Amino acid sequence: MLRTAAAIAALGATLALSAAAQTVPGLFFKEGAIRVLLISGRNNHDWRTTTPILRRILEQSGRFDVRVVQEPGGLNAIAVAPYDVIVLDYNGPRWGQPAETAVGNAVRTGKGLVVVHGASYAFGEMELLADNHKRTGIKEPPWTDFAEMTGASWTDGPPKSGHGKRHIFDVKFTDPQHPIARGMPPSFRISDELYHNLVLKPGIKVLARALDSLDIGGTGKEEPVLWTLTYGQGRVFHTTLGHDASSMDAPGFIASFARGVEWAASGKVTLPGEIALDAPNKDALRVQLVIGGHDFAPTLWRAFDGQPDIRTNVVFQPEAYGKGQLKDTDVLVLYDMMQAISDEQKANLKSFLESGKGMVVLHHAIANYQNWPWWYEEVVGGRYILPNFGPKPSDYKHDIEMKVDPVAEHPVLNGVGPLLIVDEAYKDMWISPKSKVLLKTDHPASDGPMAWISPYNRSKVIYIELGHGPEAHRHPGFQRLVQNAIRWAGGW
Ligand SMILES: [Zn+2]
Ligand SMILES: [Zn+2]
């Protein structure tokens with residue numbers, strides 16, 4: 001046993017050393033990123049919403065790699081060792097001595113700590129502890145070091161710590177030369193709770209304050225909102241902001257939080273004063289998605305959302321292919337069902353394709369333009385024959401559970417694999433013998449081919465039959481297929 005303990009202690013020391021030196025087996029940290037341990041899992045705030053937002057802010061800034069712990073009671077020195085900074089989005093029961101000691105020691109010996117909003121009074125406020133006691137029957141003394149570590153404690157007063165009514169206020173930097181503030185605007189506006197009457201520890205440096213208006217039950221004073229301190233060798237950043245998701249949407253919150261985490265971790269701030277979330281990628285493929293003529297469920301968007309390299313603009317069919325409209329389009333995706341098309345639209349569509357730009361035709365768009373043979377024979381390589389457009393019209397059947405198998409080697413099929421999917425099947429279509437089939441089903445309600453590369457040789461055109469309703473739209477295989485098809489048609 002002694003030997004094991006010694007071995008664990010040695011391992012702890014090794015991990016502590018290697019934190020700076022990059023590799024920690026199994027954690028797969030992004031190289032060069034600041035390593036963040038985000039502690040959550042209990043809060044009198046909606047942590048299940050706020051924790052993913054904090055994570056997203058940090059990861060989208062490009063500077064951090066984040067791990068979330070939702071049961072901090074299991075932390076110990078070894079678990080904490082690989083991280084540069086600990087972020088608290090936690091307000092709940094105490095963690096027990098090993099975890100608290102591990103976190104306290106980590107900060108004291110030089111790791112960063114960031115305290116967000118409700119975590120401000122996680123372990124110190126008497127009323128909260130009494131509340132916990134009532135609910136759980138467990139009587140806990142406050143974690144007295146916590147207030148030393150975070151620079152403030154809450155008191156039952158008088159005056160009592162707390163906040164007035166949530167409102168919109170301006171946060172003004174009072175120490176604009178601090179690395180966290182430098183490069184940010186002198187003030188920012190936020191809808192949030194403004195904490196007041198906290199008992200601040202000597203030695204903290206207040207970075208920003210806001211006026212706590214008497215109108216909303218405030219103190220009428222400029223209350224501290226952001227501050228820093230050192231705890232042993234560790235840097236601590238405390239933000240009282242961040243009550244909920246909409247508070248966290250304020251640009252000033254986003255930037256001050258991310259910059260505060262960077263500073264706590266490294267003592268420096270390299271992040272810009274403004275950090276845009278989901279910033280548009282200027283190199284993304286520009287997709288024009290054409291709809292109209294057939295109803296559909298909004299689950300379709302799932303195939304288009306959340307792909308940083310694909311930027312989609314939706315156009316309603318009677319408006320599509322107008323003058324100059326295809327100028328800024330790299331890939332056309334059709335999910336419309338239309339017969340009417342003006343000569344001008346035809347000419348624009350044709351010259352788009354002849355210019356070598358790609359097209360993805362989805363599901364019912366195979367029934368478009370039945371009076372335009374060039375369209376279905378040469379461009380799409382297939383046609384769903386509507387009644388009155390042929391001796392034997394095509395047919396459809398909803399809610400078919402199909403096996404759909406890849407039958408070719410093609411980049412569009414990467415990661416798609418055999419699909420088990422509930423979707424609509426078409427039967428008795430005309431399919432060009434020159435089309436190169438990529439996916440096939442053996443279901444008798446279908447003709448068989450479920451996706452093909454068209455014979456058109458002046459640009460890349462693909463047809464995907466799948467995609468009638470929510471069952472198909474939310475299928476990851478369908479989404480992947482559509483995204484691959486867009487990238488392939490866009491020349492990637
Ligand atoms: Zn709150
Ligand atoms: Zn359909």
Side-chain angles (χ1 to χ4, degrees), residues 1-43 47-48 51-52 54-55 58-59 63-116 119 122-124 138 140-150 229-238 260-268:
M1 283 312 281
L2 270 174
R3 218 154 144 192
T4 316
I8 288 172
L11 177 64
T14 313
L15 282 170
L17 283 174
S18 68
Q22 285 311 313
T23 50
V24 182
L27 280 168
F28 303 106
F29 285 118
K30 205 171 107 189
E31 213 180 312
I34 291 174
R35 300 158 175 193
V36 181
L37 182 67
L38 174 45
I39 298 181
S40 181
R42 297 267 187 121
N43 212 313
W47 63 270
R48 291 202 291 187
T51 295
L54 296 175
R55 178 180 204 157
L58 295 177
E59 291 190 337
R63 190 79 179 90
F64 306 96
D65 197 347
V66 182
R67 298 289 183 279
V68 176
V69 165
Q70 294 180 359
E71 290 290 357
L75 288 173
N76 57 27
I78 294 173
V80 170
Y83 296 92
D84 302 309
V85 55
I86 297 164
V87 176
L88 299 182
D89 188 24
Y90 180 96
N91 188 335
R94 291 188 58 177
W95 305 334
Q97 215 215 337
E100 290 174 4
T101 305
V103 169
N105 282 344
V107 180
R108 204 175 296 114
T109 56
K111 291 191 191 294
L113 179 75
V114 173
V115 180
V116 179
F123 303 109
I138 301 165
E140 294 183 310
W143 177 3
T144 41
D145 271 5
F146 188 74
E148 294 299 328
M149 192 164 72
T150 62
L229 66 145
T230 50
Y231 179 68
Q233 293 156 42
R235 282 173 295 270
V236 180
F237 172 64
H238 195 135
V261 178
E262 188 184 19
W263 176 82
S266 69
K268 284 182 291 216

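Residue indices begin at 1 and follow the sequence shown. Hydrogens, waters and symmetry mates play no part in the numbers below; they use all other heavy atoms, side chains included. On a predicted model such as this, the values are computed, not experimentally measured, just so you know.
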Less than 4.5 Å apart, side chain to side chain, heavy atoms only: is that true for Asp89 and Ile39? no
Return the orientation label for the Tyr90 and Trp95 ring planes: parallel under 30°, perpendicular over 60°, tilted otherwise. perpendicular
Take atom CD in Gln70; do more than 12 heavy atoms of anything else shown fall under 6.0 Å from it? yes
So, taking the atom named CH2 in Trp143 and the one named CD in Glu148, what distance separates them when rounded to the nearest 0.5 Å? 12.5 Å
Side-chain contact test, heavy atoms from C-beta onward, threshold under 4.5 Å: evaluate it for Ile34 versus Val85 and give yes or no. yes
Is the shortest side-chain heavy-atom distance between Ile86 and Val103 below 4.5 Å? yes
Donor-acceptor contact present, side-chain Arg235 to main-chain Leu113, <3.5 Å: no
Pair Tyr83 and Phe29, ring centroids less than 6.0 Å apart: yes
Are the side chains of Val114 and Val236 in touch, meaning some heavy atoms are under 4.5 Å apart? no
Side chains of Asp145 and Arg108: does their closest heavy-atom pair fall under 4.5 Å? yes
Under a 4.0 Å N-O cut-off, is there an ion pair linking Glu100 with Arg94? yes
Distance check, rounded to the nearest 0.5 Å: Phe237 atom CZ versus Glu262 atom CD? 12.0 Å
